[in-house]
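Here's the structure, in structure tokens; my notes come after.
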Amino acid sequence: MAPVVPHEVHYEPPAYAIAVLDALEARGHEAWIVGGWVRDALRAAPCHDVDVTTSALWQESAQALRDAGYVVHETGTQHGTVTVVVDDKPVEVTTYRVEGSYSDHRHPDEVRFVQDVREDLARRDFTINAMAYHPQRGLLDPFGGCEDLAAGIIRAVGDPAQRFAEDALRVLRAVRFACQLGFVVEDSTHAALVEAAAGLADIAQERIGQEMDGIVGSGRVGWALMHETDVLCAAVPELRAMRGFDQRSLWHAYDVMEHTARVCNAVEAFTAGVASHHLRWAALLHDVGKPACCTIDKMGRGHFYGHPVLSGELTEFIMERFGLPSSLIRSTSALVRFHDHIIRPTSRSMRRTLAVMEEADPGHAMARAHELMDLKRADAVSKVPKCAWYAVELDEMDALLREEECKGTVLGLGDLAVGGQEVMEVLGIKPGPMVGAVLHELLAAVVDNEVENTRDALMEELWRSALENG
Ligand code: ATP
Ligand code: MG
């Protein structure tokens, strides 16, 4: 079926954006909505925040907008940008500009303000991001962005090699847009991507982290691992060792990279495409420490003892380097560290799993435990076919987990019917690590169903312990 070529936006700009255009044009300047809003309005995607590009210099924009009664913040005047707030909505207004040379592959040495909007569009990264829209003048699309949008193609504006040499972050942006939109990268743009990927080494880790977070959050990182391997390995060098790494195992039909890509795809399948953000990150990084843990036995088979712990450490190292939020890092590493935690279809095993998850990510045991099941299922169906039965067994375990949820299972020290005070009183000890150790022992006994979680039963345990140690 021939693609339907979109030729008009599916919704009109919001009133606050039109107010900005009107205020600028009332002073004789030209102004357009540009970039992401235009792209998303053409594909009928939910409304995107609005960026405006204008012939006015930033001082002129600020003046015109303040005279119209709006608050203006001088947010990036060296690049010609001010931010105006209309109806509590911020709109970035930037002067038409082109960029000078990029001697460091990341910052233009200079920006030059210009009078023609087409020149401004030409400095933008991809055809789908290089369109401008105006409610009266319509769509300005000098590089065929509309057609590429309809065909699902990411194509650099101008010579791709030159564009990626100017700013290597564009390499990762190309993959991020491909993942978020479900597009493919056009052939010559793709060839240039691979060539330019090494340039990511010069880009700030936080910026790489933001793009990687977008790629992972798209739910298509499995696709990116298989189709844009060079780019992902340049962005996250720790992934390189997974590529082509033969596991020499009866349980594995794929190298670590392909196995990981399959796990990423499988978590989407098992969660109907709405996997949590940390589960997606965990799928990507769960085996990142595997190659470094490999030992080969006498039969020539590979073993990977300790790899979940090393993968967990690497996960924290990578995500901290990327400047990602600590709560995201904690949840991700809890899943990675325990992805090989042995679970049996028994109530006790579920309670132990919950206690382990509570310790790893306090306050989130139940959610993490369900996600651990999803990660394990995805892992099981991405090995050799005979491992897939385990995914079915995990279904049964998920039901048991839900039963524990209904029973209001004890998860952590805070759920115990006694606390540090009772421990100190009965054992006659002072505050210190010993109190925590005793509470942990009580918790383990409760989790294992050996002692009931009531004050009487736990006090009895404490007295017993006082007698034994006394
Ligand atoms: P989203 O915000 O959804 O990621 P967006 O298109 O708004 O998408 P931004 O990063 O906010 O992307 O940038 C706004 C616009 O600025 C882009 O649409 C593009 O035209 C241009 N742009 C941003 N970064 C670059 C870059 N590194 N090189 C060239 N043009 C860029
Ligand atoms: Mg944006």
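Ligands are counted one by one from 1 in listed order, and the atoms in each one are counted from 1 as well.
When hydrogens are left out, the protein atom nearest atom 17 (C) of ligand 1 is R173 NH2, 3.8 Å; that is the closest non-hydrogen contact. Counting only heavy atoms of the protein, atom 7 (O) of ligand 1 lies nearest to H48 CE1, 3.1 Å. Distance from atom 16 (O) of ligand 1 to its nearest protein heavy atom, with residue and atom name: R124 NH1, 3.4 Å.
For the pair R377 and Y390, the cation does not sit on the ring face, since its NZ or CZ is not both under 6.0 Å from the ring centre and inside 45° of the axis.
A side-chain hydrogen bond (donor to acceptor under 3.5 Å, both in side chains) with Y96 is found for one member of E119, E30, R118 and no other, namely E30.
Remark: S349 engages no residue in a side chain to side chain donor-acceptor pair (under 3.5 Å) (not counting sequence neighbours).
In this structure, D167 is part of the shell of residues with a heavy atom less than 4.0 angstrom from ligand 1. Distances from ligand 1 to the non-hydrogen atoms of R39 include at least one value under 4.0 Å.
Looking at ligand 1, you won't find any N or O of R163 less than 3.5 Å from one of its N or O atoms.
Residue pairs meeting the side-chain hydrogen bond (donor to acceptor under 3.5 Å, both in side chains) criterion with at least one member in residues 268-277, sequence neighbours excluded, are D213-H277, E268-R280, S276-H278, S276-E371.
Interface atoms of ligand 1 facing R170, defined by a heavy-atom separation under 4.0 Å, are 26 (C), 27 (N), 28 (N), 29 (C). Close approach of ligand 1 to N129 is summarised as follows: ligand atoms under 4.0 Å from at least one heavy atom of the residue are 6 (O), 18 (O), 19 (C), 20 (O). Residue G35 approaches ligand 1 through these ligand atoms, each under 4.0 Å from one of its heavy atoms: 18 (O).
Only backbone heavy atoms of R123 (N, CA, C or O) come within less than 4.0 Å of ligand 1; its side chain stays farther off. Contacts of D125 with ligand 1, taken as heavy-atom pairs under 4.0 Å, involve both backbone and side chain.
Aromatic ring orientation, F164 versus F126: tilted (interplanar angle from 30° to 60°).
Residues D230 and R243 are in side-chain contact: their nearest non-hydrogen atoms beyond the backbone lie under 4.5 Å apart.
A centroid separation of 6.0 Å or more is found between the aromatic rings of H364 and H370.
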